[in-house]
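Contents: one structure, followed by commentary.
Read the numbers this way: they start at 1 and go in the same order the structure lists the ligands and their atoms.
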Amino acid sequence: MQGLMMDYPLTLNAILGRAERIHGRKEVVSRRPDRSLHRTTYADIASRARKLAVALSALGVRTGDRVATLCWNQPEHLELYFGVPALGAVIHTLNPRLHAGELSYIVHHADDKVLVVDETLLPVFESFRATRTFAHVILIGHGGEMPDGMLSYAELVERADAEAFAPRVLDETDAAAMCYTSGTTGRPKGVVFSHRALVLHSLGSAVPDAFCLGESDVVLPVVPMFHANAWGIPFAAAMVGAKQVYPGPHLDGASLLELLAGERVTFTAGVPTIWIRLLQELDRAPGAHDLSRLQTLIVGGSAAPKSLIEAYERRHGLKIVHAWGMTEMSPLGTVARLPRHFADVPEDRQNAFRAKQGIPVPLVEIRAREAEGLVPWDGQTMGELEVRGPWVARAYYNSEEGDDRFTADGWFKTGDIVTIDALGCIEITDRAKDLIRSGGEWISSVALENALMAHPAVAEAAVIAVPDPQWQERPLAVVVLKPGQATTQEDLLASLAPHFPTWWLPDTVEFVEEIPKTSVGKFKKAALRERFNAPPAPVPGGLDAAS
Ligand code: ADP
């Protein structure tokens, strides 16, 4: 017997339509390059997104064509997020922090037809311009001169006739957006998001035990719109009608604090390095900023040390919520919200739970595998995490590289090594390529890093494997001290000793000024391996491949 419900397509047009009709007056606020604040509304964004679709159509953009963007978190990017897919075309967000060679590879591989570039990012475009001809380059200007051969975004949108808009999405499984992985271990790989996946991801991420987003929220994604769709937050916030606040190019701690306080932000999200920097700013002038509205700081992208979570809570009364995901998952997978029965357990155990990566959000399934088969959910046995769900990739775009990440029975191999406990809560012990193998046993670099960052003098710590003739590999710690702080290798190792077996302790601690970061703000362990003469990481593929 068939269900008798409508076959209603899950498309981004439905999200934008609702934002316009129900929450049309809600604000989208952004900081411009000159630091001024720009205010618009969902009604305006929706109308301009339609006009953008009309203008792009007139320029020859057709169903399935890729429109690349080099933009910050700014309102035009939100217009592109909805306007390009409304046309049946695909928005391809480029990461401006990549090297020219990588950008050139990515725009060729994706076969981008049109590029929309913010004026502040023209130097990035110039860096690979000679290697790629686009049908059109459209500039989002801020008062500078219009370079030859480019079209003005503002004029295109202004002149287009909104009445001429005809949505061209044919099917909910049509592509809406694409994004390349950072390619730490091989070529960047293209992930193509369907309308359906993005709509379901918006619903799944907004639920109370995930991001818990509603109409009364004021949302500031620090995570860039070129990093896994800003974790889907712009779509989810539009769906529920939350006010959005965009920092534009100004991502320093002081600018963020001013926006968080001034716009009475309730929800924000970013990678740990952002919150580590912001904490230093908060500590410098405790109480100077009114963050009383701020209920949730989502931290993800790499492991959030327990000490960071505790520092925010104890020193500033702010709640960090740890989440895990990946570009291939649109990107949300798990969130560590404290289960109800944890309410009465001691604070230290609560915080230990909150420092884990969390429980899968609805519709995401998890399992972990080691050489002998699936691991038990005992919170101890490590295995490579596999996932499936309606917003998980089933293949990479036009690439055979990475095909081995998809299992014959329809799961995606994440390359992350985890334990899963009886509650279904995952704890990431490492990326497969970062695990340290010492004397046939595994050492978790994440666990050592978290413990080092709990030391009062340490700002940042990364642990890598270095070759060892006797043990095969041994851990080496790279540490950045907080300004004005001093400590020694002996002191740091003594602080680790009570928490780990002796053979886990790093043999060497290197003190450095800065840990190099990837284009999305994570520790660049590949660069550290090179600097400290460690072998390059093996290609990920689970415990098997790494051993
Ligand atoms: P990349 O890091 O390759 O640029 P993604 O942003 O998609 O690409 O990152 C996904 C990876 O980031 C995950 O596979 C995992 O290794 C890591 N990651 C994400 N969130 C967390 C977290 N909360 N804790 C630890 N690692 C995380």
Sort out for me which residue in Arg315, Arg277, Arg314 forms a salt bridge (charged side-chain N to carboxylate O under 4.0 Å, His left out) with Asp283.
->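 When salt bridge (charged side-chain N to carboxylate O under 4.0 Å, His left out) is applied between Asp283 and each of Arg315, Arg277, Arg314, only Arg315 qualifies.
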Take every heavy atom of [X], measure it against each atom of ligand 1, and state whether any distance is under 4.0 Å.
X: Ser302; result: yes
X: Gly301; result: yes
X: Thr181; result: no
X: Ala323; result: yes
X: His227; result: yes
X: Pro331; result: no

What atoms in ligand 1 come closer than 4.0 Å to a heavy atom of [X]?
X: His322; result: 22 (C), 23 (N), 24 (N)
X: Gln357; result: 22 (C), 23 (N), 24 (N), 25 (C)
X: Met326; result: 7 (O), 10 (C), 14 (O)
X: Lys522; result: 1 (P), 2 (O), 5 (P), 6 (O), 8 (O), 9 (O), 10 (C), 11 (C), 12 (O)
X: Ala303; result: 22 (C), 24 (N), 25 (C), 26 (N)

Please confirm whether Thr327 comes within less than 3.5 Å of ligand 1 when only nitrogen or oxygen atoms on both sides are compared.
->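 Between Thr327 and ligand 1 (N or O atoms, distance only) the closest approach is under 3.5 Å.
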Polar contact flag for Glu328 and ligand 1 (N/O pairs, less than 3.5 Å) =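 So ligand 1 has no N or O lying under 3.5 Å from an N or O of Glu328.
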In a check of side chain to side chain contact (heavy atoms under 4.5 Å, CB included) between Ile91 and each of Val84, Leu12, Val116, Val67, which one passes?
->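 Testing Ile91 for a side chain to side chain contact (heavy atoms under 4.5 Å, CB included) against Val84, Leu12, Val116, Val67 leaves exactly one candidate, Val84.
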Please report the C-alpha distance between Phe125 and Leu121 in whole Å, then the side-chain angles of each, then the deciding distance to 0.1 Å, and finally whether the side chain to side chain contact (heavy atoms under 4.5 Å, CB included) criterion is met.
-> CA-CA 7 Å; Phe125 172 49; Leu121 295 169; over 6 Å; no
Side chains of Phe193 and Cys179: closer than 4.5 Å at any heavy-atom pair?
->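 Heavy-atom side-chain distance check passes, below 4.5 Å.
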Flag, side chain of Ser399 to backbone of Tyr396, donor-acceptor distance under 3.5 Å =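 No.
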Where the closest heavy atom to atom 10 (C) of ligand 1 is concerned, which of Glu427, Lys356, Lys189, Arg431 has it?
->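 Shortest heavy-atom distance from atom 10 (C) of ligand 1: Arg431.
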Going through the checks in order, is the ring-ring contact (aromatic ring centres under 6.0 Å, His included) test met by Phe235 and Phe82?
-> CA-CA 9 Å; Phe235 293 127; Phe82 285 107; 5.5 Å; yes
From Leu291 CG over to Thr266 OG1, what is the distance, rounded to the nearest 0.5 angstrom?
->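 If we round to the nearest 0.5 Å, Leu291:CG and Thr266:OG1 are 12.0 Å apart.
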In a check of side-chain hydrogen bond (donor to acceptor under 3.5 Å, both in side chains) between Asn351 and each of Glu313, Lys306, Glu310, which one passes?
->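 Single pass found, and it is Glu310.
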Among Lys189, His92, His109, Arg66, side-chain hydrogen bond (donor to acceptor under 3.5 Å, both in side chains) partner for Tyr397 |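 Only one option passes, and that is Arg66.
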